[in-house]
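Every heavy atom of this structure was used, including side-chain atoms; hydrogens, water molecules and symmetry mates were not. The sequence lines fix the lettering, A, B, ..., with proteins before strands; numbering per chain opens at 1.
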2 protein chains.
Amino acid sequence: MAMTIRDIAREAGVSTATVSRALRGLPNVDPVTRERVRQVAERLDYVVSPAASRLASGRAGSIAVITPYIARWYFGRVLSGIEKVLQASELDLLLSSIGDPSETHRVPPHRKLRRRVDGFLVISLSTETEGVSEIFEADLPVALIDTQREGCWSVGIDDVAGARMAVQHLINLGHERIGLISGRPLPTPFRPEENRWIGYRDALLDANLAVETDLEACGHFTIEGGERAMTTMLARPHPPTAVFAMSDEMAFGALRSLRAHGLQPGRDVSVVGFDGHEMSEHLDLTTIVQPVEEIGARAAQSLLEALDHPTREPHQVTLPLSMVVRGSTALRRSRTHDDGDR
Amino acid sequence: MAMTIRDIAREAGVSTATVSRALRGLPNVDPVTRERVRQVAERLDYVVSPAASRLASGRAGSIAVITPYIARWYFGRVLSGIEKVLQASELDLLLSSIGDPSETHRVPPHRKLRRRVDGFLVISLSTETEGVSEIFEADLPVALIDTQREGCWSVGIDDVAGARMAVQHLINLGHERIGLISGRPLPTPFRPEENRWIGYRDALLDANLAVETDLEACGHFTIEGGERAMTTMLARPHPPTAVFAMSDEMAFGALRSLRAHGLQPGRDVSVVGFDGHEMSEHLDLTTIVQPVEEIGARAAQSLLEALDHPTREPHQVTLPLSMVVRGSTALRRSRTHDDGDR
DNA sequence: AGGCTGAGCGTAAACGCTTGCACAGACCGA
DNA sequence: TCGGTCTGTGCAAGCGTTTACGCTCAGCCT
């Protein structure tokens, strides 16, 4: 019932081979013929059967995006950047999320995707993660976001430098006990975490400041988690006078915890976030801003380039970071105030 | 190089037809044979070629999700619910976003998706939207989220009732001038908007309260937009003492605008949002909570059902709403206070 | 004993493209 | 004029499945 290439061939008075070549813009087709074929295809409202085309050509015509989460701010943003680039290409975008480890019955992406994609786009996932590492066996081009790996394209920011910048800012404000709200206990499948931890530690070490486990707490990259983490730290013997949260969302939770304890962010405890979430402006949060959509877009472009030029050497691009200073960070108040009560 | 069904057939000592049937769980295969085939396939790490399978069977093996946005809270959430259901199925999830009208070069989804999906999942998009309406011509099953249409499955909430509940709450608190922060000027491709507007209007009419264009402003479903809308309303001759925002994000902006004007949400101006965004708790925002992930999940289930039982009559499911009252809404203060200055 | 049923399996024809190869004719330089 | 190259086109062999149809044989009923 649906049109086939044969119908077009007959109608245009050429062979199916010519139709195929004409429609795909291959060389060695007379411009006149090509145009005629185009017109016929247009008139008959013909589109090639992707299944047949893929079977015959051996190309899958799709790329997979593998992400730990879909609903969270950062990932949605990155995904959006990816989609904007891909929608203009011929490729289908297959979405596959890893999900929480708690979701036991998840089918690992590499199983679901075998033989059906031409390349992978992996967001924030450590390349050794179970279900991710198998991807590299397929020998297809891979563009990594927030991670690196031999032979893969990658796009990201300098997480170490970002974290360092955040912590340095706090140090410059006179803070000496600087807390960290991290994601999950290491090791995690979520990669940037390690680097932000390194940046945090290095900044402290450089300034001869204490790096204590007592100054750290996990916030699981959620608002609630951030709130709990801050609360935990406040309950400890020597609470920090400033904290660096690995994500804005956790920082939001931290702000809330502070308020719940009658403390004013900035004045009593300084907080720096990481991401550049729109909400940070509204909550007056100092944060490290990363160009999230662009990260996604650039990664998608890299993958397209890899697909177009299979021999080309992978590039790694690092996008710039900036810090936006707002009211949540301020000069450390004198000792007596800080260490006083609690 | 890659395994084919023939390799498995040879190795298992059966025909390709039997392999096909065995692997897909079709009847009329001896359990012993089936198991043997399974083992061989497993051992040789064989997976069927989707392209070949699709070509031969005529099924596309994918469903498309069509959404206006990916990065925004509501859509990410819904998408996440969809993905959770679909990942357990055999179907690929093709993601396609409509994007803003400003992005002129977007390829309309129905063009990109022709012949490559078995069904559609459409989020929040009015069925007459350009690029969406063409989808129904394909005669494939469609599950609609937040919309209805003859012959389609649908899942959503009662937007009219939700808006009404919000506004009624404000009325109960004694408010008489109740503002509305809507999305875009109607008509919009984003469907729930109309119904929330109706709920708003009806609640006011029932209470014999004014419905004035002066009490409305567009917030474009963004934080900034919400902020601008609130600011606009505050600048008018008779500002409202309470506002209903069609989304939490716009409500967040409204809260911010109030604070910027030295007004305290709740005490000076009451605000109700819509969605149940996590952040609403942190900003102490009263809101109408909808089960967002579940909406996505249920819609995906509906589509799977439609695919499994092509003759089954479409269902429409309406999920329950609830209101969470927080500090952003409070009894209206006496006239003198309200209408006094400004 | 003969026929009927149904379970289990194989044969082979699609499915609708892509692409290697061959070929005809135009064009060109010697 | 003649071989050579290049352009535009057609032929036909795949690509790796699914599935209609047909066959065999065991079990069962008359």
Position toward the 5' end of DNA chain C (nearest nucleotide), A/R59 or B/T33: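 The residue closer to the strand's 5' end, by nearest nucleotide, is B/T33.
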Given DNA chain C, 5'-ward residue of the pair A/A56 and B/A17, judged by closest heavy atom: B/A17
List the atom pairs, with distances to 0.1 Å, where a side-chain N or O of residues 132-142 of chain A and a protein N or O form a donor-acceptor pair under 3.5 Å, not counting sequence neighbours.
unit_1: A/E134; atom_1: OE1; unit_2: A/G131; atom_2: N; d: 2.9
unit_1: A/E134; atom_1: OE1; unit_2: A/V132; atom_2: N; d: 3.4

Donor-acceptor pair under 3.5 Å, B/R21 side chain vs C/dG10 base: yes
What is the distance, rounded to the nearest whole Å, between atom [atom1] of [X] and atom [atom2] of [N]?
X: B/L23; N: D/dG16; atom1: CG; atom2: C1'; answer: 13 Å
X: B/I5; N: D/dT17; atom1: CD1; atom2: P; answer: 5 Å
X: A/R10; N: D/dT9; atom1: CZ; atom2: P; answer: 19 Å
X: B/L26; N: D/dT18; atom1: CG; atom2: P; answer: 9 Å

Residues A/R106 and B/E83 bridged, charged N to O under 4.0 Å: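 Salt bridge present between A/R106 and B/E83.
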Global bending angle along the helix from C/dA1-D/dT30 to C/dA30-D/dT1, which compares the axes of five pairs at either end, to 10 degrees: 40°
Touch class at under 4.0 angstrom, heavy-atom based, for B/D30 against every strand present: sugar-phosphate
Sugar-phosphate only, base, or nothing, as touched by B/R115 at under 4.0 Å among non-hydrogen atoms: sugar-phosphate
Close side-chain approach of A/D45 to B/R114, heavy-atom, < 4.5 Å: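 When only atoms from C-beta onward are counted, B/R114 and A/D45 do touch, with a gap below 4.5 Å.
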Just to confirm, is there a sub-4.0 Å distance from OP1 or OP2 of [N] to any side-chain nitrogen or oxygen of [X]?
X: A/T16; N: C/dT18; value: no
X: A/R6; N: C/dC17; value: no
X: B/Y46; N: D/dT17; value: yes
X: A/S53; N: C/dT18; value: yes

Short side-chain to backbone donor-acceptor contact, B/T147 and B/I145, under 3.5 Å: yes
More than 12 heavy atoms of other groups within 6.0 Å of A/E35 CD: yes
Atom pair OG (B/S62) and CG (B/D118), whose distance is rounded to the nearest 0.5 Å: 6.5 Å
